[in-house]
**Q** 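Let me begin by handing over the structure; questions about it come next.
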Amino acid sequence: TACCANMEISEGEEDDTEWKSLVSRSPVASSDTSNNTSLAAPQKVILHFDLDCFYAQVEMIRNPALRNVPLGVQQKYIIVTCNYVAREHGVTKLMSVTDAKEKCPDLVLVKGEDLTHYREMSYKVTELLISFCPLVERLGFDENFMDISEIVERRLQQSETCSFKGHVYNNSSRLCPWLAMGSQVAAELREAIHSKLGLTGCAGIATNKLLAKLVSGTFKPNQQTTLLSEDVSNLMGSLDSLRKVPGIGHQTAKRLQALGMTSIIDLELFPLDILAGEFGESSARRLKSLAIGIDDSNVNPTGAPQSLSDEDSFKKMSSIKDVTEKIEELLSSLVERMHKDGRQPHTFRLTIRRYSTTNKWFSRESRQCPIPSHIGQKIVVGNPLANKLFHKMVDTSKAFHLTLINVCFSNLRDRPGKPSLISFFTPRPSPRKTKPCTSQGQVNPLL
DNA sequence: TGGGGGAAT
DNA sequence: ATTCCCC
Ligand SMILES: Nc1ccn([C@H]2C[C@H](O)[C@@H](COP(=O)(O)OP(=O)(O)OP(=O)(O)O)O2)c(=O)n1
Ligand SMILES: [Mg+2]
Ligand SMILES: [Mg+2]
């Protein structure tokens with residue numbers, strides 16, 4: 001089955017069951033040029049949401065005085081994101097603090113290493129979207145995919161036709177009832193996010209996740225864009241590098257480049273059999289599909305997180321005492337989060353990064369172990385698990401130099417008798433209109 | 001150059 | 001346990 005964000009290239013069997021069902025969904029109409037609204041929509045309607053400068057927005061809500069100043073959110077030595085006032089001054093995402101201060105001496109900085117507030121706001125957004133339609137897939141903290149095909153289908157049975165809300169890619173204008181309806185739903189959802197949570201963001205409306213994601217960034221802060229099928233090649237052709245394709249990461253791009261490919265067109269035209277020789281049959285097909293805007297992956301509801309982790313990085317940590325204290329610090333915060341979640345972890349993992357000049361800065365080592373079920377609560381102080389794992393990785397009889405420690409709980413299971421905090425599974429009877437279920441007086445603890 | 005999270009291998 | 005992907 002398709003993977004989480006479904007953006008990755010895997011070598012496993014191709015999951016094309018969905019493409020088949022997509023085709024069989026429409027025995028009569030087969031392109032989005034059909035005007036027959038009495039039939040089921042032949043195409044899926046997929047939305048992609050991406051909040052504007054997310055961490056910065058959260059900080060501006062917490063402190064409205066920051067609204068009109070150039071604001072950067074700082075994690076250690078980098079500006080992880082910044083508001084649009086700062087961007088006008090040349091500050092960019094993931095810029096070093098020194099470069100940012102150079103570009104914009106008046107830049108105001110807030111610390112952003114603690115993700116608590118961002119995480120909480122992130123789930124409020126996802127929960128709000130779920131209250132309209134359960135098919136919501138998270139990608140990071142500020143993006144959500146939504147499959148609104150059914151909502152659109154229902155609404156088209158009532159009101160025959162409607163116009164587009166927001167932009168249409170390439171200013172194309174022609175009838176397309178279900179994408180137009182999708183754009184109206186997107187506008188309503190963005191408005192809900194704004195009125196209930198005070199957040200702005202972009203939306204993309206298209207017939208698959210790849211295209212919805214790519215088109216959502218066309219007009220950037222707080223706008224939405226719909227993509228019609230005749231403009232798919234224009235959109236794909238506008239991408240200036242292979243890396244812009246979601247699913248083609250650093251390594252894949254390097255391997256493609258080693259085969260002589262630089263642009264999307266190169267990939268489109270590259271012989272499938274040779275590509276298959278390097279990546280395997282199914283990954284090769286997947287890559288060539290992505291290059292022409294085809295993506296048959298489903299919107300997979302994300303549900304509650306599968307792991308909770310907490311980490312900290314530093315210039316140098318070289319004593320057992322410091323390490324033990326740091327692990328205790330990380331663990332106590334993690335245990336608290338775990339407790340609020342309501343579930344119980346059954347696996348613990350400790351990850352470290354060792355100092356090394358030669359490029360190896362990004363290699364991590366980890367050890368994990370089961371958590372005995374009888375540990376009750378007090379794993380934090382004098383914790384036996386983390387200590388064992390640490391000594392498995394690090395020979396403490398020799399000198400060591402760590403630059404990062406991460407602690408992670410996974411294999412999360414519902415505690416017998418207790419419910420989990422995340423109300424992700426609200427199988428509320430589907431609303432007639434796209435009104436939030438909670439407006440009917442139902443209880444949604446996260447809203 | 002942060003601090004998360006996911007899936008495949 | 002590692003690698004690759006996403007934000
Ligand atoms: N490598 C990254 C990428 C993103 N983020 C965090 C900070 C961002 O605020 C948030 C969302 O990522 P986006 O790429 O969507 O960036 P923004 O939402 O900040 O800006 P934009 O308005 O361009 O979407 O995730 C991060 O910590 N590390
Ligand atoms: Mg984003
Ligand atoms: Mg964003």
Side-chain angles (χ1 to χ4, degrees), chain A residues 1-13 15 48-55 72-81 92-100 109 111-120 122-123 125-126 137-145 201 209-210 213 216-217 243-255 279-280 282-283 286-287 290 297 300-315 330 333-334 337 347 349-353 359 361-369 389 392-393 403-410 412:
Chain A
T1 92
C3 65
C4 147
N6 282 326
M7 293 302 172
E8 263 194 76
I9 308 303
S10 90
E11 305 241 1
E13 281 298 291
D15 177 3
H48 174 259
F49 293 95
D50 186 333
L51 273 352
D52 301 326
C53 55
F54 181 51
Y55 293 1
V73 177
Q74 178 181 195
Q75 292 174 328
K76 299 298 193 302
Y77 303 101
I78 71 164
I79 307 295
V80 66
T81 194
T92 69
K93 294 184 277 186
L94 304 179
M95 184 179 256
S96 80
V97 171
T98 31
D99 286 359
L109 297 179
K111 294 285 201 170
E113 287 101 349
D114 185 342
L115 303 187
T116 303
H117 297 116
Y118 314 137
R119 186 183 294 111
E120 287 174 0
S122 172
Y123 278 104
V125 172
T126 299
E137 178 177 341
R138 291 164 56 82
L139 184 59
F141 279 10
D142 90 320
E143 291 178 32
N144 290 277
F145 292 96
K209 288 202 292 179
L210 203 223
K213 180 172 170 56
S216 68
R243 277 249 38 199
K244 295 283 170 51
V245 180
I248 299 182
H250 187 64
Q251 296 302 322
T252 304
K254 275 206 309 191
R255 291 169 69 184
F279 291 88
S282 88
S283 291
R286 168 83 174 153
L287 285 168
L290 292 177
S297 65
N300 294 128
T302 300
Q306 300 171 20
S307 66
L308 301 188
S309 64
D310 207 332
E311 73 185 47
D312 197 2
S313 64
F314 25 79
K315 283 293 183 202
L330 293 172
S333 138
L334 192 60
R337 270 212 281 150
T347 302
R349 171 168 38 202
L350 182 69
T351 302
I352 62 169
R353 187 179 62 194
N359 208 15
W361 246 70
F362 282 96
S363 87
R364 289 151 132 96
E365 304 162 53
S366 70
R367 295 290 183 269
Q368 68 177 244
C369 69
L389 294 182
K392 256 180 212 204
M393 267 186 298
T403 62
L404 175 143
I405 295 180
N406 174 294
V407 292
C408 177
F409 285 146
S410 61
L412 275 20

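Convention: sequence-line order gives letters A, B, ...; per-chain numbering from 1.
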**Q** Mind checking which stems touch DNA chain C? I mean at least 3 consecutive Watson-Crick or G-U pairs, both distances under 3.5 Å.
**A**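 In DNA chain C, stems of three or more pairs: B:3-9 with C:1-7.
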**Q** If you look at every strand shown and take non-hydrogen atoms under 4.0 Å, does A:V245 touch a base, only sugar-phosphate, or nothing?
**A**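 Sugar-phosphate, no base atom in range.
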**Q** Applying side-chain contact (heavy atoms from CB on, under 4.5 Å), can you list everything that pairs with A:T347, at least two apart in sequence or on another chain?
**A**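 So A:T347 forms a side-chain contact (heavy atoms from CB on, under 4.5 Å) with A:Q368, A:S410, A:N411.
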**Q** Looking only at side-chain N and O atoms, does A:R119 come under 4.0 Å of OP1 or OP2 in B:dG4?
**A**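 Affirmative; the distance criterion is met.
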**Q** Check whether any side-chain N or O of A:R138 sits under 4.0 Å from OP1 or OP2 of B:dG4, and answer yes or no.
**A** no
**Q** Got a sec, which residues hit side-chain hydrogen bond (donor to acceptor under 3.5 Å, both in side chains) with A:Q251, two or more places apart in sequence or on another chain?
**A** none
**Q** Hey, is the side chain of A:S307 poking within less than 4.0 Å of OP1 or OP2 on B:dG6, counting only N and O atoms?
**A**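 Yes, such a contact exists.
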**Q** Base, sugar-phosphate, or nothing for A:S96, non-hydrogen atoms under 4.0 angstrom?
**A**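 Counting heavy atoms under 4.0 Å across all strands, no contact is made by A:S96.
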**Q** Run the side-chain hydrogen bond (donor to acceptor under 3.5 Å, both in side chains) test against A:K76 and tell me which residues pass, sequence neighbours left out.
**A**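 A:D312.
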**Q** For B:dG3, does OP1 or OP2 lie under 4.0 Å from any side-chain N or O of A:R337?
**A** no
**Q** Name the nucleic acid region contacted by A:Q74, choosing base, sugar-phosphate or nothing; use a 4.0 angstrom heavy-atom cut-off, strictly under.
**A**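 Answer is nothing: A:Q74 stays at 4.0 Å or more from every strand.
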**Q** Would you mind classifying the nucleic acid contact of A:D310 as base, sugar-phosphate or nothing, using non-hydrogen atoms under 4.0 angstrom?
**A** sugar-phosphate
**Q** For A:Q251, which contact category applies under a 4.0 Å heavy-atom criterion: base, sugar-phosphate, or nothing?
**A**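 A:Q251: backbone/sugar contact only, no base atoms under 4.0 Å.
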**Q** Could you list the residues that satisfy ring pair (Phe, Tyr, Trp, His ring centres under 6.0 Å) with A:Y118, not counting sequence neighbours?
**A** A:Y55
**Q** Check whether any side-chain N or O of A:T252 sits under 4.0 Å from OP1 or OP2 of C:dC4, and answer yes or no.
**A** no
**Q** Kindly say if A:S309 contacts the phosphate of B:dG3, meaning a side-chain N or O under 4.0 Å from OP1 or OP2.
**A** no
**Q** Establish, for the pair A:R138 and A:Y123, whether the NZ or CZ atom is under 6.0 angstrom from the six-membered ring centre and no further than 45 degrees off its axis.
**A** yes
**Q** Checking A:S309 now: which residues fulfil side-chain hydrogen bond (donor to acceptor under 3.5 Å, both in side chains) with it, not counting sequence neighbours?
**A**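 side-chain hydrogen bond (donor to acceptor under 3.5 Å, both in side chains) list for A:S309, sorted by chain: empty.
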**Q** Identify whether the distance between the nearest side-chain nitrogen and carboxylate oxygen of A:R353 and A:E365 falls below 4.0 Å.
**A**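 Answer for the salt bridge query: no.
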**Q** Counting just side-chain N and O atoms, does A:K213 come under 4.0 Å of either OP1 or OP2 of C:dC6?
**A** no
